[in-house]
Amino acid sequence: MTGTEKRRLFIGRYTEGDDSAASGPVGSEDERAESGAFASSDDAGDASGYADARSQTTLTPPATRRVAPPGHGIVVAEFNRSTLDITPVASVETPEASYLALSPKRDVLYAVQEEADGRIAAFSIGADGRTLTRIGDVATGGAHPCQLVVHPSGRFLLTANFGSGSIAVHAIGPDGALGALLDLVEHTGHGPDDLRQNGPHAHMVLPDPSGELIMAADLGTDCVYSYSLDPESGRLSPLAQNRVGWGSGPRHLAFHPTAATVYVTNELSDTLSACPYNPKTGMLKDVRDFRAAPRGTYTRNYPGGIIVSPDGKFSYWSNRGDDSIVAGPLADNGAHLGIGARWDCGGVWPRHITLTPDGTALFCANQRSGGITGFRVDRATGRLTPSGGGLDVSQPAHVLVG
């Protein structure tokens, strides 16, 4: 594929609300004024030496940005691989599509419908790569599903029900259509935050690279749960319940592509965790926590999405409140997370970030300001360079490279 060819972006919009508390001042005046160079909470000398790149970020003026059609649901766009310019080409109405996933063949798109009566929908992708046709939707067995993922086998769809704190497993048919609810695992417990942790709130479920181990982050119980998945029945069997920090609020997960390490953004404690794990037992070990944003931030910060580069050299995460994207170099076979440069996300409230499969471009969904911003990635250094005109789209919650 040449650099001038175009690729697809699928953008899910979430208009009902936001699952995070409003940002505002946090800590004492002295604490907020303290200068902190991204020090690890357990190793203050863990700075990697990268400079803060926020002042170097230059974004294309809004007047040159293309605008997606109004409405709800999913926007289909194309981006130029050379310039990262984004052009909207189609859209489909569907309620509260806050998270999307593609089938292994990339011919079916799945979307949550994050409402009290939780449902997930499937759309076939036309031969033109643009047209989405609904081929069915099913109930998730829970409330407010906020994330979903296709198992590497292509036979199962796993969904995190945030409102009810449960993990659902659905069958996927040969044509990509959704089938029966095969299993529903309900978490129990709560955390110390009466507002945000009054019960279980499953926020993400993700298979490890082998597909044999399933992990689920639950913001309400401060736990990362580990399961095995029966490849025939699709049923989950509990392996471990790992607490990652009382009051931390684990939100999103990302696995290292080759090492047995999972990375977790902790929404309520403004931290992220590097967690080596046992692939057989699902137990986390030697967990290390790091600050997600510098102490000089004057607003409450909520870490959002986290991803790992295809070569396993860098992790990237988004900061809602600090409105930044951070690159963290990975060392010691992925077990050690350094803290590198941070860049302005190009908007407000970067809820989700994603990389292209080759790791050369990153896209960010800025939910509250409305817009998708693109960055060129230096694969050797991990540095980001704003590129392309971006795309104005109302309340984007998720962006997916197709």
Side-chain angles (χ1 to χ4, degrees), residues 36-54 56-57 204 206 209 215 217 224 244-245 248 250-267 269-277 284 286-297 301-345 350-356 359-364 375-386:
F38 278 74
S40 157
S41 60
D42 58 12
D43 183 357
D46 191 41
S48 67
Y50 283 122
D52 188 338
R54 287 170 64 94
Q56 304 169 23
T57 301
M204 190 173 206
L206 197 65
M215 286 193 180
V224 173
V244 293
S248 60
R251 175 185 175 92
H252 273 198
L253 307 168
F255 285 99
H256 192 279
T258 57
T261 302
V262 64
Y263 309 95
V264 185
T265 53
N266 300 307
E267 178 170 324
S269 61
D270 189 12
T271 61
L272 57 146
S273 302
C275 313
Y277 63 90
L284 304 184
D286 301 326
V287 175
R288 301 185 70 190
D289 296 331
F290 304 82
R291 289 194 61 85
R295 292 184 181 275
T297 300
N301 184 64
Y302 301 88
I306 186 166
I307 50 180
V308 178
S309 61
D311 59 12
K313 293 182 179 179
F314 296 93
S315 177
Y316 297 88
W317 63 92
S318 64
N319 283 317
R320 298 163 303 157
D322 188 52
D323 292 336
S324 62
I325 302 169
V326 181
L330 303 176
D332 297 335
N333 201 28
H336 186 82
L337 173 63
I339 307 300
R342 95 190 202 274
W343 293 265
D344 192 302
C345 67
R351 178 163 171 149
H352 187 258
I353 53 176
T354 191
L355 285 164
T356 53
T360 60
L362 180 149
F363 293 95
C364 176
F375 298 82
R376 184 67 62 196
V377 180
D378 185 322
R379 294 179 60 187
T381 66
R383 297 186 67 86
L384 304 180
T385 303

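Just so it is clear, the structure is predicted and the values come from calculations on it, not from any experiment. Because only heavy atoms are used, hydrogens play no part in the values below, and waters and symmetry mates are left out as well, while side chains stay in.
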Would you check if [X] and [Y] make a side-chain contact, meaning some heavy-atom pair closer than 4.5 Å?
X: Lys313; Y: Leu330; answer: no
X: Val287; Y: Val244; answer: no
X: Leu337; Y: Ser315; answer: yes
X: Val264; Y: Ile306; answer: no
X: Pro294; Y: Arg342; answer: yes

Closest heavy-atom pair and its distance - [X], [Y]:
X: Glu267; Y: Pro303; value: O-CD, 3.7 Å
X: Gly340; Y: Val326; value: O-CG1, 4.4 Å
X: Arg383; Y: Ala341; value: NH1-CB, 4.2 Å
X: Val262; Y: Met215; value: CG1-SD, 3.9 Å
X: Arg291; Y: Leu272; value: O-CD2, 4.0 Å

If you measure from [atom1] on [X] to [atom2] on [Y], what distance do you get to the nearest 0.5 Å?
X: Arg288; Y: Cys275; atom1: CZ; atom2: SG; value: 11.5 Å
X: Phe375; Y: Cys345; atom1: CZ; atom2: SG; value: 7.0 Å
X: Tyr316; Y: Cys364; atom1: OH; atom2: SG; value: 13.5 Å
X: Thr261; Y: Asp286; atom1: OG1; atom2: CG; value: 10.0 Å
X: Ile307; Y: Leu253; atom1: CD1; atom2: CG; value: 14.0 Å
X: Leu355; Y: Leu362; atom1: CG; atom2: CG; value: 5.0 Å

Using only atom types and a distance under 3.5 Å, with no angle test, would you say the side chain of [X] pairs donor to acceptor with the backbone of [Y]?
X: His256; Y: Gly312; result: yes
X: Asn319; Y: Ala292; result: yes
X: Trp317; Y: Gly305; result: no
X: Arg320; Y: Pro350; result: no
X: Thr265; Y: His252; result: yes
X: Thr356; Y: Ala361; result: yes
X: Ser309; Y: Phe314; result: yes
X: Ser318; Y: Ile325; result: no
X: Tyr263; Y: Gly334; result: yes

Checklist entry - Do the rings of Phe255 and Tyr277 sit parallel, tilted or perpendicular, given the 30° and 60° boundaries? => result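 The arrangement is perpendicular - the two ring planes meet at more than 60°.
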Is there a donor in the side chain of [X] and an acceptor in the side chain of [Y], or the other way round, less than 3.5 Å apart?
X: Asp378; Y: Thr385; result: no
X: Asn301; Y: Asp270; result: yes
X: Asp289; Y: Ser273; result: yes

Checklist entry - What's the verdict on side-chain contact (heavy atoms from CB on, under 4.5 Å) for Val377 and Leu384, showing C-alpha distance, side-chain angles and the deciding distance? => result CA-CA 5 Å; Val377 180; Leu384 304 180; 3.6 Å; yes
